[in-house]
Every structure is written in structure tokens, then in C-alpha cells.
2 protein chains.
Amino acid sequence: MKKQSARQLLLDATFEEVYTYGYAATSVDRILKKASVPKGSMYHYFGSKKALVLAMVEERLFPKMDEFFHFEKHKGCTVYESFRNTFAAMSRNRPLIEHGCPLYRLMVELSPVDKDFDKLLIEKYNQMHKGIAMLLKQGIDEKEFDESLDYLAFAAFMLSSVWGILSLSPSLSSPKVFISQSRFLLDELNRYRIY
Amino acid sequence: MKKQSARQLLLDATFEEVYTYGYAATSVDRILKKASVPKGSMYHYFGSKKALVLAMVEERLFPKMDEFFHFEKHKGCTVYESFRNTFAAMSRNRPLIEHGCPLYRLMVELSPVDKDFDKLLIEKYNQMHKGIAMLLKQGIDEKEFDESLDYLAFAAFMLSSVWGILSLSPSLSSPKVFISQSRFLLDELNRYRIY
DNA sequence: TTAGTATTAGACTTTTTAGTCTAGTGAAAG
DNA sequence: CTTTCACTAGACTAAAAAGTCTAATACTAA
């Protein structure tokens with residue numbers, strides 16, 4: 001399928017540019033140059049800069065999120081251990097540690113000023129929140145965690161905290177810092193474990 | 001001193017525009033219109049858009065931060081209670097809950113791409129981190145908290161988490177959500193209390 | 001091969017951007 | 001009163017922005 005090649009190149013370049021510079025500071029011309037695609041092609045596939053970036057969010061950013069954040073019970077692990085493993089994997093993910101969470105960065109920039117972006121980004125937020133919450137709930141159901149754990153609230157807290165840590169200035173961010181800070185989340189979760 | 005009035009109006013308008021739209025999406029012309037100040041005056045006081053915003057950060061945003069985040073031991077309170085009070089006060093601060101932390105939002109947008117902004121914002125980060133850490137340290141010294149509390153790491157975690165919570169999409173943010181999520185930070189701190 | 005559609009190409013337009021320039025105004029000091 | 005200088009005023013410029021347009025080209029199916 002060579003037919004989609006220009007479209008795919010555009011989405012790839014758009015992800016990189018927006019991840020680096022943010023939405024407002026990204027220019028269509030720079031995307032075209034990076035993708036080596038002429039303007040006519042871009043406006044053939046996408047109606048506007050905004051439409052291009054919205055498509056990029058769905059087709060590049062969301063899948064990338066599923067790669068970064070993997071909240072499922074790992075084989076032969078408790079729920080607690082699964083979170084521990086996931087955090088450890090995140091700390092080893094260079095782009096994530098260095099550039100922060102692409103979804104959250106876009107949310108910080110655009111959610112307050114654009115309801116189309118807000119709606120789309122919140123869809124993914126809800127999905128992730130639900131994923132984490134269900135995993136915590138599973139831990140409660142399987143008597144790993146105490147019933148007093150407010151799994152919905154804690155899932156939201158985990159998301160906020162992790163995004164907060166990841167999206168600090170690159171000068172403040174490193175695998176070690178991520179491990180050190182995320183440990184407090186694990187410790188807090190550990191409070192609810194039943195021995 | 002009427003002499004400084006145009007300058008002050010510019011800084012006020014710049015804070016509002018940048019807090020709302022971010023740096024890249026803020027235009028000098030809109031600032032001038034909002035402040036009702038002609039262009040000549042602006043370029044008399046400030047050499048460029050960037051210089052204007054850097055001045056705004058120092059003269060408006062930083063003082064605002066000291067207002068929002070008040071990490072000192074409150075009179076007649078334990079350190080734990082002081083944090084609890086500060087969080088409660090933050091949850092009642094409308095602009096903070098609705099628009100997020102202005103420093104963090106700017107850090108997310110600019111730290112990765114502009115070292116002048118990064119340097120300035122990190123200065124404030126370090127100051128706040130130190131303030132929180134010293135307060136925790138005081139709690140350890142006064143036997144309120146166990147020595148095992150890594151006060152530097154926990155102070156960093158608190159900052160990241162609070163910023164993460166505050167700067168979520170406005171659709172996800174509310175006083176209740178802030179209280180519910182920040183409670184986990186207090187619970188975690190509570191683990192280290194000596195009774 | 002050919003007709004028809006999808007894609008490419010990039011010059012062009014319009015709007016907006018940051019920033020410049022020069023003439024003027026007003027207050028304060030001599 | 002007058003000189004001086006900080007400040008005002010906004011028209012102007014140049015660059016960059018998003019988006020349009022038309023003609024050429026490459027596929028694809030008949």
C-alpha cells in the first residue's frame with residue numbers, strides 16, 4: 001500500500017514536531033519539509049493544520065501511549081508487582097523520561113483553549129484511568145488490597161502524579177528521579193496490601 | 001509613580017494572556033490591546049516579546065506562586081497540619097484549580113525548547129523544592145516524622161504530584177478532585193509520623 | 001490503450017506575526 | 001520659559017503563518 005505513504009510520513013513528522021515544540025509553535029511548513037511532502041498532498045489528506053494534528057493524536061499519539069503505559073496484570077505477578085514492573089519499564093524509556101508524556105503535554109497546552117482537542121484527549125484519559133482503576137479493583141477482589149482503597153481516586157492520583165513527574169523540565173528529569181519519585185506511589189499502594 | 005504605569009499594565013496583561021494561551025499562542029498585539037498601551041511603549045520598556053515574558057515571569061508569575069504555594073509551618077500547627085491547611089487553601093483557590101499552575105504550564109511548554117526560560121523557571125522550582133524539603137526536615141528534627149523519610153525526594157514528589165493534579169484538563173479539575181487526590185499525599189506523609 | 005480518479009507540485013494569496021521608525025507629547029529641571 | 005528626555009503614538013516593514021489554486025502526473029480499472 002504505497003498509496004498511504006505521504007499520509008503516514010505526514011503523521012510521523014507531525015508527531016515529532018508537536019512532541020518537541022507543542023501545537024502552537026509547530027508550523028505546517030516545517031512538517032512538510034521534515035516529511036518531504038508537498039503542501040498539496042497535505043491539504044489533500046487533511047483539511048487543516050488542526051485536522052492533521054487531531055489525526056496524528058489518534059493514529060500516532062494514542063498508540064504510543066499504549067506502548068508507554070501498560071497497565072495490565074503481568075503473568076505470575078501480583079497487581080502491586082505489575083505496577084512496579086510498569087514503572088521500572090517507564091524509567092528505562094528514554095524519550096518518555098526526556099520529553100515527558102506527549103498526551104499530557106498536549107492536554108496542558110490545548111485542553112483549556114480548544115474543546116475538540118480537550119474532548120479527544122479526555123477520551124484517552126478516561127480509558128487509561130479506567131484501566132488503572134480496574135487493575136486496582138482486581139487487586140481488591142483478589143484480596144491483595146484492602147477494601148478501604150478508593151481505587152477510582154487512587155487511579156486518578158497515579159495518573160496525575162506520573163504525568164507530573166514525567167513532564168517536569170528535562171533538566172530535572174532522569175531515570176533515577178523517576179524511580180525515586182514513583183516509589184512513593186508504590187509505597188502508598190503498599191499501605192493497602194493485605195499480608 | 002505614574003511613570004511605570006504602562007509597564008505595569010503590560011506585565012498584567014502579559015500574565016493573563018500567557019496564563020490562558022501559553023507563550024507561543026500569545027501575540028504582542030493582543031497584549032497591547034488588552035493593556036491599552038501602544039507598541040512604542042512596549043518596545044521602549046522591553047526589547048522583545050521574550051524579554052517581556054521573562055520580566056512578567058519574575059515580576060508577576062513568581063509572586064503569584066508565593067501566593068498559591070505557602071509552605072511554612074503554620075502557627076500552633078504541626079508540619080503535617082500545615083501541609084493539610086495549605087492544600088485546603090489551594091483547593092479553594094479558583095484560578096489555580098481552573099487554570100492550573102502557571103509556572104508548571106510554562107515549564108511544560110518552554111523548558112524543553114528555551115534554555116533562558118528553563119533556567120529561570122528551574123530557579124523557582126529549586127526554591128520551592130527547598131522550602132518544602134526544609135519544612136519536612138523540620139518535622140524530622142522535631143520528632144514529628146521518622147528519620148526514614150527521604151525529605152528531599154518526598155518534597156520533589158509532592159511538587160510533581162501537585163502540579164500534575166492542578167494542570168490536568170479543566171474538565172477534569174475541581175476543588176473536590178484536588179482534595180481527593182492530594183489526600184493521598186497527606187496519607188503518604190502520615191506514614192512517617194511518630195505518635 | 002485509455003478514461004477517470006487520486007495524488008503531487010509549488011507558486012500564490014491573505015493574514016498575522018514580531019519588530020522598526022520617526023514624529024510628537026508632556027512633565028520636570030534649569 | 002525653555003530645554004531636555006522619557007515616553008507615546010501608530011503607521012510601516014519584513015518574515016512567516018495557514019491555506020488556496022491550477023496544472024501536471026501517476027495510478028487503476030475497463
Side-chain angles (χ1 to χ4, degrees), chain A residues 1-61 106 109-110 113-117 120, chain B residues 1-61 106 109-110 113-117 120:
Chain A
M1 275 278 169
K2 191 79 164 290
K3 207 203 268 183
Q4 294 286 28
S5 157
R7 212 187 104 96
Q8 302 304 321
L9 288 169
L10 283 168
L11 292 173
D12 289 337
T14 303
F15 176 78
E16 285 183 48
E17 288 291 307
V18 171
Y19 194 14
T20 306
Y21 300 106
Y23 178 78
T26 287
S27 92
V28 171
D29 286 343
R30 266 210 328 272
I31 291 171
L32 298 175
K33 201 179 163 193
K34 169 167 272 182
S36 305
V37 162
K39 208 159 228 185
S41 300
M42 194 226 121
Y43 283 95
H44 171 73
Y45 289 111
F46 307 98
S48 64
K49 175 188 176 185
K50 181 171 165 177
L52 166 63
V53 177
L54 283 167
M56 176 280 279
V57 168
E58 292 202 84
E59 299 179 42
R60 289 290 181 280
L61 199 151
L106 221 49
E109 180 185 358
L110 297 179
V113 289
D114 188 299
K115 72 185 216 317
D116 298 316
F117 276 102
L120 188 59
Chain B
M1 274 280 166
K2 192 80 163 292
K3 209 201 270 186
Q4 293 286 28
S5 157
R7 211 187 104 97
Q8 302 304 320
L9 288 168
L10 284 168
L11 292 173
D12 289 337
T14 303
F15 176 78
E16 285 183 48
E17 287 292 308
V18 171
Y19 195 13
T20 306
Y21 301 106
Y23 177 78
T26 287
S27 91
V28 172
D29 286 344
R30 268 210 327 273
I31 291 171
L32 298 175
K33 201 181 163 191
K34 169 167 270 181
S36 303
V37 163
K39 207 159 229 185
S41 301
M42 194 226 121
Y43 281 95
H44 172 73
Y45 289 111
F46 308 98
S48 65
K49 175 189 177 185
K50 180 171 166 178
L52 166 63
V53 177
L54 283 168
M56 176 280 279
V57 169
E58 292 202 85
E59 299 179 42
R60 289 290 181 281
L61 198 151
L106 221 49
E109 180 185 358
L110 297 179
V113 289
D114 187 301
K115 71 187 217 316
D116 297 316
F117 276 102
L120 188 59

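Each chain gets a letter, A, B and so on, in the order the sequences are listed, and its residues count up from 1.
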Only distances under 3.5 Å count here; give the side-chain donor-acceptor pairs of residues 52-61 of chain A to other protein atoms, sequence neighbours excluded, each with its distance to 0.1 Å.
| residue | atom | partner | partner atom | Å |
| --- | --- | --- | --- | --- |
| A:E59 | OE1 | A:R7 | NH2 | 2.6 |
| A:E59 | OE2 | A:R7 | NH2 | 2.5 |
| A:R60 | NE | A:D12 | OD1 | 2.5 |
| A:R60 | NH2 | A:Q8 | O | 3.4 |
| A:R60 | NH2 | A:Q8 | OE1 | 2.7 |
| A:R60 | NH2 | A:D12 | OD1 | 3.2 |

Ignoring hydrogens and angles, write down the donor-acceptor pairs under 3.5 Å from the side chains of residues 18-26 of chain B, residues two or more places apart or on other chains.
| residue | atom | partner | partner atom | Å |
| --- | --- | --- | --- | --- |
| B:Y19 | OH | B:P95 | O | 3.4 |
| B:Y19 | OH | B:G100 | O | 2.4 |
| B:T20 | OG1 | B:E16 | O | 2.7 |
| B:T26 | OG1 | B:E17 | O | 3.3 |
| B:T26 | OG1 | B:G22 | O | 2.6 |

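- Considering only residues two or more places apart in sequence or on other chains, A:K50 meets the salt bridge (charged side-chain N to carboxylate O under 4.0 Å, His left out) condition with A:D114, A:D116.
- Distance, A:E17 CD to D:dA18 P: 11 Å, rounded to whole Å.
- In terms of heavy-atom proximity, B:A51 sits nearest to B:G47 at CB-N, 4.0 Å.
- Summarising the geometry, the separation between NE2 on A:H44 and C1' on D:dG19 is reported as 16 Å, rounded to the nearest angstrom.
- Side-chain nitrogen and oxygen atoms of B:Y43 include none within less than 4.0 Å of the OP1 or OP2 phosphate oxygen of C:dA18.
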Can you name the atoms? Protein N/O to nucleotides 9-16 of chain C N/O, anything below 3.5 Å, with the distance.
| residue | atom | partner | partner atom | Å |
| --- | --- | --- | --- | --- |
| C:dG10 | O6 | A:G40 | N | 3.3 |

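- Atoms CZ (B:R30) and P (C:dT17) sit 7 Å apart, rounded to a whole Å.
- Taking atom NZ on A:K33 and atom C1' on C:dT8, their separation rounds to 20 Å, with Å as the unit.
- In this structure, B:I31 places its CD1 atom 14 Å from C1' of C:dG19, rounding to the nearest Å.
- For residues 46-57 of chain A, proximity to DNA chain D is found at A:S48, A:K49, defined as any non-hydrogen atom under 4.0 angstrom from a strand atom.
- Residues satisfying the side-chain contact (heavy atoms from CB on, under 4.5 Å) test with A:Y43, not counting sequence neighbours, are A:V28, A:K39.
- One atom, CG of A:L32, and another, P of D:dT20, lie 14 Å apart when rounded to the nearest Å.
- Looking at every heavy atom in both residues, B:L9 comes nearest to B:A35 through O-CB, 3.7 Å.
- One interatomic measurement links the two molecules: CG of A:L10 to C1' of D:dA18, which rounds to 15 Å at whole-angstrom precision.
- Look at CE on B:M42: it is 17 Å from P on D:dG10, rounded to the nearest Å.
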Test side chain to side chain contact (heavy atoms under 4.5 Å, CB included) applied to A:F46 and A:L11, step by step
CA-CA 10 Å; A:F46 307 98; A:L11 292 173; 3.9 Å; yes

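- Closest heavy-atom contact between A:A13 and A:I31: CB-O, 3.9 Å.
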